[in-house]
Amino acid sequence: MSFEYFIGGRYLRAKQKETFISLITMLSIAGVTVGVMALIVVIAVMAGFESDLKQRILGVESHIVLMRHGGSFSDYRKISNQIDTLDGVTAATPFIYTQIMLRSPSGVSGAVLRGIDPDSAGRVIKILKHSGLQNLKQFQGQGNSKSLMPGIILGKELARNLGVGEGDAVYLISSQGMISPIGYLPAMKRFKVAGLFESGMYEYDGSLAYINLKDAQKILHMEGAVTGIEVRVKDIYDARNIAEKIVSNLGFPYWAKDWMQMNHNLFSALKLEITVMFIILALILLVAAFNIASTLIMMVMGKTKDIAILKAMGAQDSSIKKIFIFNGMIIGFVGTTLGVCLGFIMCEFLEKYKFIELPGDVYYISTLPVRLNPMDVLIIAAAALIICFVATLYPARQASKLNPVEAIRYG
């Protein structure tokens, strides 16, 4: 062990008369520990929130949406087959999108209607796998029968607003009606609730309704045409490249959007929140860094004679600097290590026991989601150590500039 590290270690083990410096050292370690722990827990919760939100959104929405400038198109079967053959594509399904009104004996509500193909929609829209898709398929083609009703799948919140459940009847009212002798009449058709779905997000559960693609084409007078095609891919982060490839193959007037473009504002806001939280909590580390600097300054003041003697014995300025930088980095390393350990323990507790509950009427989740990313932990630990290192530079420089003659004379 070099003499710098040996002396630095001796300085950290304060004697009885230096209890005050020792107390400040412990407070500095505690400050770094709390700062690192808080950063790890908050960043893990924010990352878990983003991951959970992304999973819920992609359970309802597709990874890519293909549409055509100017409106609907009729050659969707051929295009779907072309898309299915592309590398990285899992499935593709056509859809019709419009706004409608739903009426029941208990109430009226606006809704977003999606006409889907029951045979392929389940492979693209995962939320529909266990939401009455089979029932919707059984009701296919029953729209022409007066005794049998076609099926409709509603979000749970939308069904609650209408006061209906599975097996109940609702009236679908569309603006795509017809002209009669008494004026314009909206189209109206009776549907049977074939199933309910729950994504956990009120925006979807309270507004979405699904019917068979053929029934939607009849109601909206779009025989043989669709609004667009939804695509699911293997790697969600490759969706943009696949979307560009689809558009380049089809050419104008087709255009496509991936899930990141469709939810750009939401995910940008989440990333901004994570960044702001990181900056705010990093201020805790800055406070701890000031504590480290003040600890070292007081240590330099108390060790003036020691520094003078070391210099008189031939110690270089760099060696004096190294002694106090070593002291500060030991404080930072111990605090960072304790903070990382406590952060891991806290995240495990939050994930396993879920003792923090959130109000269901405000948030779409009932407990805090936790997703601990090792890279985030490494960045936090590195940032803490860098801040601690910067805090040691000024006290170490002041110690190295001490004049040994004056220090011994006036010390």
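- With sequence neighbours left out, Ala399 forms a side-chain contact (heavy atoms from CB on, under 4.5 Å) with Val300, Ile307, Ile320, Phe324.
- Arg56 places a side-chain N or O within donor-acceptor distance of the main-chain N or O of Ser199, the cut-off being under 3.5 Å.
- Within the structure, the ring-ring contact (aromatic ring centres under 6.0 Å, His included) test picks out no pair touching residues 99-123 (sequence neighbours left out).
- Evaluation of the side-chain hydrogen bond (donor to acceptor under 3.5 Å, both in side chains) rule for Glu157 yields Arg160 as partners, not counting sequence neighbours.
- Atom CD1 of residue Ile229 and atom CG of residue Asp117 lie 11.0 Å apart, to the nearest 0.5 angstrom.
- Here the closest non-hydrogen pair linking Ala225 and Ile96 is O-CD1, 3.6 Å.
- For the residue pair Gly110 and Met101, the shortest heavy atom distance occurs at CA-SD, 3.8 Å.
- The minimum heavy-atom distance linking Ala288 with Val32 is given by the pair CB-N, 3.4 Å.
- Taken from NZ in Lys189 to CD1 in Ile211, the straight-line distance is 9.5 Å, to the nearest 0.5 Å.
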With a 3.5 Å cut-off and sequence neighbours excluded, list the donor-acceptor pairs that the side chains of residues 262-272 form with protein atoms.
from	atom 1	to	atom 2	distance (Å)
Asn263	ND2	Glu61	OE1	3.2
Asn263	ND2	Trp259	O	3.0
His264	NE2	Ser268	OG	3.4
Ser268	OG	His264	O	2.8

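- The distance from the CG atom of Leu39 to the CG atom of Leu285 is 5.5 Å, given to the nearest 0.5 Å.
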In residues 332-339, what donor-acceptor pairs under 3.5 Å come from side-chain atoms, sequence neighbours left out?
from	atom 1	to	atom 2	distance (Å)
Thr336	OG1	Gly332	O	2.7
Thr337	OG1	Phe333	O	2.8

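- In this structure a side-chain-to-backbone donor-acceptor pair under 3.5 Å is missing from Asp52 to Phe49.
- The CG atom of Leu158 lies 9.0 Å from the OH atom of Tyr202; values are rounded to the nearest 0.5 Å.
- Residue pairs meeting the side-chain hydrogen bond (donor to acceptor under 3.5 Å, both in side chains) criterion with at least one partner in residues 97-114, sequence neighbours excluded, are Arg114-Glu230.
- Legend: residues meeting side-chain contact (heavy atoms from CB on, under 4.5 Å) with Pro105, ordered by chain and number and at least two apart, are absent.
- Proximity of a side-chain donor or acceptor of Thr295 to a complementary backbone N or O of Asn291 within less than 3.5 Å is detected.
- Two residues are said to be in side-chain contact when any heavy atoms from C-beta on lie closer than 4.5 Å; Ile236 and Lys54 meet this criterion.
- Nearest heavy-atom pair across Leu58 and His63 is CD2-CD2, 3.8 Å.
- Between Asp317 and Lys321 there is no salt bridge, since none of the side-chain N atoms of the basic residue sits less than 4.0 Å from a carboxylate O of the acidic one.
- Taking Arg240 as the reference, Asp258 meet the side-chain hydrogen bond (donor to acceptor under 3.5 Å, both in side chains) condition, with sequence neighbours excluded.
- Sorted by first and then second residue, the salt bridge (charged side-chain N to carboxylate O under 4.0 Å, His left out) pairs with a member in residues 84-93 form an empty list; sequence neighbours excluded.
- Atom CD1 of residue Ile330 and atom CD1 of residue Ile292 lie 11.5 Å apart, to the nearest 0.5 angstrom.
- Between Val36 and Ala384, the shortest heavy-atom contact is CG2-CB, 3.7 Å.
- Within 6.0 Å of CD on Gln261 lie more than 12 heavy atoms contributed by other residues, nucleotides or ligands.
- Every side-chain hydrogen bond (donor to acceptor under 3.5 Å, both in side chains) that Tyr254 has, sequence neighbours left out, goes to Asp75.
- In this view, Phe290 satisfies the ring pair (Phe, Tyr, Trp, His ring centres under 6.0 Å) rule with no residue, not counting sequence neighbours.
- Thr392 is linked by a side-chain hydrogen bond (donor to acceptor under 3.5 Å, both in side chains) to nothing, counting only residues two or more places apart in sequence or in another chain.
- In this structure, Phe197 and Leu208 have side chains that are in contact, with non-hydrogen atoms separated by less than 4.5 Å.
- In terms of heavy-atom proximity, Ile152 sits nearest to Ala209 at CD1-CB, 4.1 Å.
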